Amino acid sequence: MANINNKNLKLAIQKQGRLTDETLDFLRKSGLEFESYSQRLFSSCRNFPLEILYVRDNDIPNYVASGTVDLGILGQNVLNEKKPKVKKLLNLEYGFCSLIVAVPKESEIKDIKTLRNKTIATSYPKSTKKFFNDNNIPVKVVSISGSVEITPALGISQAIVDLVSTGSTLALNDLEILTKVYDSEAVLIANKDALRNGKKDLLEKLTTRFKGVLSAKDYKYIMMNVPEAVLPKIKQIIPGLKSPTVSPLAKEGWFSVQTVIKEDTFWETIEKLKQVRVSGIIVLPIEKMII
Ligand code: PRT
């Protein structure tokens, strides 16, 4: 078996769980080439000095804080709960979920104030205590490592604080959300010394790649043919990153307009373009974008 090269950057990711597939997909989109199979402990990248270590999600903060690895990818929720001494570098825009307070649907508790002196079960005791302290509501927090959603039915708690993404686990257990504690997504964290020592340059190269993938996700490349008279309006609707590329077509008085538009204003922009009678719009995904 190959050994880890200690001169390389070391990145810890979840071995098996909700973040694993999307993390591997994100790393590959960043142009990193490596083998990954279910029993792996680590992979060496073929085209970048990076070792990927596969570990338990909950262990990642310690590995990064202690310098066992330089980087880690984990949920923001784990950072909020464990508060490790690490530097957060990037939000990675996947693994979205929220930490919420939920109660049984038939419960008389309809707002968080009614939870005063009640028992809350959670795998996030620190986040829970902080939330109720911040709201000046004294509660008893019971720490549970899994299946928190069944504790109200078992009589262990009157409410839970747990992560939710689709909401189907809550629905299956006849629970409803009272309020949100915080939102979470996958994040990239770094050991504080790794940002200063000899690996700083490598780390910057890697984060530039990651940012390229993230920026590309937020934009679409758009092309259309428009008559000259409409051009000024088009430039107002789609100013682009700086300004759109406009080139004359063989057909007299017609131009090809190409630009990038933001994903979150995509449909709004298309509707405005249709209002000025632009047709034949072609939209392409962007693989990477270095701004
Ligand atoms: O074993 P290991 O230590 O590696 O990890 P784990 O078992 O603690 O983690 P895992 O795989 O369950 O979650 C890893 C990370 O995924 C979390 O830290 C979050 O950042 C993120 N994530 C995103 C979620 C969810 N969505 C999620 N829905 N983590 C857990 N859940 C659970 C939740 O606790 C509840 O039991 O899924 C259930 C609710 O899901 P829905 O879809 O029914 O609402």
Side-chain angles (χ1 to χ4, degrees), residues 10-27 36-43 52-66 68-69 71-84 86-105 120-131 141-154 156-157 159-190 210 214 217:
K10 284 184 235 134
L11 165 71
I13 69 169
Q14 192 184 23
K15 183 175 168 63
Q16 204 164 35
R18 286 169 193 269
L19 296 181
T20 309
D21 289 349
E22 281 183 282
T23 299
L24 292 173
D25 190 44
F26 177 77
L27 296 177
S36 61
Y37 49 94
S38 58
Q39 292 312 312
R40 74 226 153 189
L41 297 174
F42 73 93
S43 310
I52 302 167
L53 283 84
Y54 303 93
V55 301
R56 295 283 304 263
D57 187 52
N58 271 319
D59 292 333
I60 295 177
N62 282 344
Y63 284 141
V64 178
S66 64
T68 309
V69 296
L71 295 162
I73 291 179
L74 75 173
Q76 173 71 49
N77 50 300
V78 182
L79 276 193
N80 292 358
E81 180 65 17
K82 297 195 177 242
K83 300 238 178 290
V86 298
K87 172 117 171 87
K88 178 173 145 183
L89 300 182
L90 291 173
N91 283 346
L92 299 177
E93 300 179 18
Y94 62 85
F96 291 106
C97 56
S98 303
L99 191 71
I100 51 89
V101 183
V103 291
K105 277 184 189 149
I120 321 277
T122 185
S123 309
Y124 290 82
K126 287 189 187 152
S127 304
T128 304
K129 283 177 192 159
K130 180 175 184 317
F131 174 78
V141 176
V142 176
S143 202
I144 307 270
S145 59
S147 303
V148 171
E149 63 280 355
I150 59 164
T151 58
L154 296 175
I156 296 170
S157 71
I160 64 163
V161 169
D162 199 8
L163 293 175
V164 62
S165 47
T166 62
S168 41
T169 305
L170 290 184
L172 276 173
N173 289 279
D174 287 324
L175 299 169
E176 65 184 4
I177 297 176
L178 271 193
T179 191
K180 186 163 73 181
V181 178
Y182 52 67
D183 288 320
S184 176
E185 68 186 274
V187 295
L188 175 72
I189 57 168
F210 288 172
L214 292 169
K217 225 165 105 179

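Remember, it's 1-based here, ligands and their atoms both numbered in the order they're listed. Keep in mind it's a predicted model, so treat the numbers as computed, not measured. For the numbers below, each heavy atom of this structure counts, side chains included, while hydrogens, waters and symmetry mates do not.
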Quiz item: Taking heavy atoms and a distance under 4.0 Å, where does Ser165 meet ligand 1: side chain, backbone, both or neither?
Solution: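 The part of Ser165 near ligand 1 is both the backbone and the side chain.
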Practice problem: Indicate, as side chain, backbone, both or neither, the part of Val78 found under 4.0 angstrom from ligand 1 when only non-hydrogen atoms are considered. | Solution: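 The answer is the side chain of Val78.
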Flag if over 12 foreign heavy atoms under 6.0 Å of [atom1], [X]:
X: Lys126; atom1: NZ; answer: no
X: Lys105; atom1: NZ; answer: yes
X: Tyr63; atom1: OH; answer: no
X: Lys15; atom1: NZ; answer: yes
X: Arg56; atom1: CZ; answer: no

Quiz item: Is it true that a side-chain atom of Lys82 and a backbone atom of Leu79 form a donor plus acceptor pair closer than 3.5 Å?
Solution: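 It does not hold such a pair.
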Quiz item: Where the side chain of Thr20 meets the backbone of Gln14, is there a donor-acceptor pair that is under 3.5 Å apart?
Solution: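 Yes.
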Can you list the ligand 1 atoms lying under 4.0 Å from a non-hydrogen atom of [X]?
X: Asp162; answer: 34 (O), 35 (C), 36 (O)
X: Thr169; answer: 38 (C), 39 (C), 40 (O), 41 (P), 43 (O)
X: Ser168; answer: 43 (O), 44 (O)
X: Asn77; answer: 17 (C), 18 (O), 19 (C), 20 (O)
X: Gly75; answer: 20 (O)
X: Gly17; answer: 11 (O)

Exercise. Apply side chain to side chain contact (heavy atoms under 4.5 Å, CB included) to the pair Leu163 and Tyr124, showing each step before the final yes or no.
Key: CA-CA 9 Å; Leu163 293 175; Tyr124 290 82; 3.3 Å; yes
Is there a polar contact between ligand 1 and [X], counting only N or O atoms under 3.5 Å apart?
X: Tyr124; value: no
X: Gln16; value: no
X: Gln76; value: no

Heavy-atom nearest neighbour in the protein, as seen from [atom], with distance rounded to 0.1 Å:
atom: atom 8 (O) of ligand 1; value: Asn58 ND2, 3.9 Å
atom: atom 26 (N) of ligand 1; value: Cys97 CB, 3.4 Å
atom: atom 35 (C) of ligand 1; value: Leu163 O, 3.5 Å
atom: atom 3 (O) of ligand 1; value: Arg56 NE, 3.0 Å

Exercise. Flag the pair Ile120 / Ser157 as yes when at least one side-chain heavy-atom distance between them is below 4.5 Å, and no otherwise.
Key: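 Result no, sub-4.5 Å side-chain heavy-atom pair not found.
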Self-check item: The one among Asn80, Val164, Thr166, Leu19 that brings a heavy atom closest to atom 21 (C) of ligand 1
Solution: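 Among Asn80, Val164, Thr166, Leu19, the closest heavy atom to atom 21 (C) of ligand 1 comes from Leu19.
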Exercise. Counting heavy atoms only, name the option from Lys15, Gln14, Arg18 that's nearest to atom 32 (C) of ligand 1.
Key: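 Among Lys15, Gln14, Arg18, the closest heavy atom to atom 32 (C) of ligand 1 comes from Arg18.
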Self-check item: Spacing of OG1 belonging to Thr169 relative to CG belonging to Leu175, to within rounding of 0.5 Å
Solution: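 So the gap between those two atoms works out to 9.5 Å.
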Self-check item: Protein non-hydrogen atom below 4.0 angstrom of atom 5 (O) of ligand 1 present
Solution: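 Yes.
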Exercise. Please determine which of Ile60, Thr23, Ile73 meets the side-chain contact (heavy atoms from CB on, under 4.5 Å) test together with Leu11.
Key: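 Running side-chain contact (heavy atoms from CB on, under 4.5 Å) over Ile60, Thr23, Ile73 with Leu11 returns exactly one hit, Ile73.
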